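In each ligand, atom 1 is the first atom listed, and ligand 1 is the first ligand listed. Just so you know, these numbers come straight off a predicted model, no measurement behind them.
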Amino acid sequence: MTKDIVVLGAGVGGLVASNKLRSKLGKDCQIFLVDRRTKYEFTPSYLWAMIGRRQPSQLMKELGRLSRKGISYINAEITKIDPQNRLVKTSAKDLKYDYLVVSLGADLVPNAVPGFQEAAHNLYDLSSLAHLKETLNQFSQGTLTVLISSMPFKCPAAPYEAVLLVDYLLRQRNVRNTVNVQIYTPEPFPMPVAGSAVGDAVKEILQRRNIDFHPRTKPVSIDTDKKRIIFENGEEAGSDLLLGVPAHNSATIVRETEGLTDQSGWVPVDKGTLQTHFDDVYAIGDVAAIKLPSGMMLPKAGVFAHYEAEVVAHNIVADIQGGTGTEFDGRGYCFLETGHGKAAFVNGNFYASPAPAIKLRQPSRIWHWGKILFEKYWMWRWF
Ligand SMILES: Cc1cc2nc3c(=O)[nH]c(=O)nc-3n(C[C@H](O)[C@H](O)[C@H](O)COP(=O)(O)OP(=O)(O)OC[C@H]3O[C@@H](n4cnc5c(N)ncnc54)[C@H](O)[C@@H]3O)c2cc1C
């Protein structure tokens, strides 16, 4: 039976979904994958680019390679999603679909905090990180701040990884004792969705490295002339070098699609099947809003986009070929690079009730090597 499946976004979720669908469906089913980018970027290694351990080009893959596998990759801007008419409009062509997988991720909004764009090095942008490497190599004295603009943000571990890698770099350069390193976040403790035991473990790692941790501090603006951050609670902090996580929104086109998002701006989905309010339309990865039994939201991380994509691909194939469906079970993991050739490892079940059951394994060389293997595997497996 001929079916057209359209996958929107060639990031983590879109890549896994389109690969899995292609490998299980015959040539009578077409798989279209649409993205405005021509290259995929492997975000978990971004921060290695900041400390010179990777060149940006090592973290990229041409999306055009996917056509060799029989995935119809379309490099275009998505301009309209029309679930009522089962249609997607793009700058290249219109696509009718039988099944639609939305994996359009989160947009970064640096100007949500006035002054951020001008004053901060964006930790979530690969080209900005490559420039930051030069700045960090010159910085020898003063206050260095990692600032989280707002919640939610992608990869709850990433800002902590950033501050620990910066600390490592300064120690390597023998200038750490003349630099005050601090991190400010609106969170009550690090990675709150993983629970207070994980938060305490991360705080302890920061403390051991003499990094000042400032919870419950949400920036409202940055005075670029005076080099000061102004927080919602009225407090202020000075900083000579500012590294920041910008605010996030769901992808613009998703917010513009009537009936797809809720008042939060993200897409509510069934936590097991990732089905949206619309028939045969699934939303996976960062764009999806999944409420956990604890009342918190499932974090935005590639590992979830990956597993959710596998579930959605399996269920679409089962629907077409006849078969038993499956459900996403909430498992996830991430590496937290700490420098000195080591990483911590956080894993567990985020769907556990009444609260996620998550553990942090202390930094060791094993997890650092685990992350290197993970990178190699990813860059090979999906291209
Ligand atoms: C520094 C950093 C480190 C990270 N480390 C980790 C980690 O170690 N582990 C982990 O699990 N996660 C990590 N993440 C998070 C991870 O990158 C995201 O959670 C993941 O990429 C989400 O996948 P996705 O498919 O939902 O969206 P994305 O991978 O962001 O893909 C969305 C795609 O949609 C495209 N798009 C959006 N709108 C349009 C449009 N209108 N037209 C055309 N194309 C469009 C974009 O170009 C993009 O390619 C990290 C993120 C950062 C920034």
[X] neighbourhood, listing ligand 1 atoms whose heavy-atom distance to it stays under 4.0 Å:
X	answer
Gly285	26 (O)
Ile253	41 (N)
Val303	10 (C), 11 (O)
Gly9	33 (C), 34 (O)
Asp286	18 (C), 19 (O), 20 (C), 22 (C), 26 (O)
Gly13	25 (O)
Gly11	25 (O), 28 (P), 29 (O), 31 (O)

Angle class for the Trp382/Trp378 ring planes (parallel below 30°, perpendicular above 60°, tilted otherwise)? tilted
According to the interplanar angle, ranging from 0 to 90°, do the rings of His368 and Trp48 count as parallel (below 30°), tilted (30 to 60°) or perpendicular (above 60°)? perpendicular
For ligand 1, indicate whether the residue [X] contacts it via side chain, backbone, both or neither (heavy-atom separation under 4.0 Å).
X	answer
Ala106	neither
Ala305	side chain
Lys300	backbone

Starting from [atom], locate the nearest protein heavy atom and write down its residue, its atom name and how far away it is, to 0.1 Å.
atom	result
atom 42 (N) of ligand 1	Ile78 N, 2.9 Å
atom 3 (C) of ligand 1	Thr43 O, 3.4 Å
atom 48 (C) of ligand 1	Asp35 OD2, 3.3 Å
atom 36 (N) of ligand 1	Leu104 CD2, 3.6 Å
atom 27 (O) of ligand 1	Gly105 CA, 3.4 Å
atom 9 (N) of ligand 1	Pro44 CG, 4.2 Å
atom 14 (N) of ligand 1	Cys155 CB, 3.4 Å

Under 3.5 Å donor-acceptor, [X] side chain and [Y] backbone:
X	Y	answer
Ser72	Phe32	no
Asp223	Arg228	no
Ser149	Val245	yes

Minimum distance, heavy atoms only, to [atom]: which one of [options] is it?
atom	options	value
atom 10 (C) of ligand 1	Pro159, Gly302, Ala288	Gly302
atom 39 (C) of ligand 1	His306, Glu256, Glu337, Arg36	Arg36
atom 41 (N) of ligand 1	Lys39, Lys80, Glu41, Glu77	Glu77

Taking atom CD of Glu258 as the centre, does the number of heavy atoms from other residues, nucleotides or ligands within less than 6.0 Å exceed 12? no
With Arg86, which residues qualify under salt bridge (Lys or Arg N to Asp or Glu O under 4.0 Å), at least two apart?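 Salt bridge (Lys or Arg N to Asp or Glu O under 4.0 Å) check on Arg86 returns Asp280.
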Contacts of type salt bridge (Lys or Arg N to Asp or Glu O under 4.0 Å), residue Arg68, not counting sequence neighbours: none
Decide whether an N or O pair under 3.5 Å exists between [X] and ligand 1.
X	result
Val34	no
Tyr333	no
Ala10	no
Ser103	yes
Val12	yes

Looking at every non-hydrogen atom in both residues, tell me the closest pair between Pro114 and Val220 and how far apart they are.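 The pair with the smallest heavy-atom distance is CD-O, 3.2 Å.
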Answer yes or no: is there an ion pair linking [X] with [Y], defined by an N-O contact shorter than 4.0 Å?
X	Y	value
Arg176	Asp167	yes
Asp329	Arg331	yes
Lys371	Glu375	no

Are Phe189 and Phe213, when compared by the centres of their aromatic rings, separated by less than 6.0 Å?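 That pair fails the under 6.0 Å test.
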Let me check something: do Ile78 and Leu87 share a hydrophobic cluster, defined by ILVMFWY side-chain heavy atoms less than 4.5 Å apart, either directly or through other members?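 Ile78 does not cluster with Leu87.
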Tell me whether the NZ or CZ atom of Lys61 lies within the 45° cone about the ring axis of Trp380 and under 6.0 Å from its centre. no
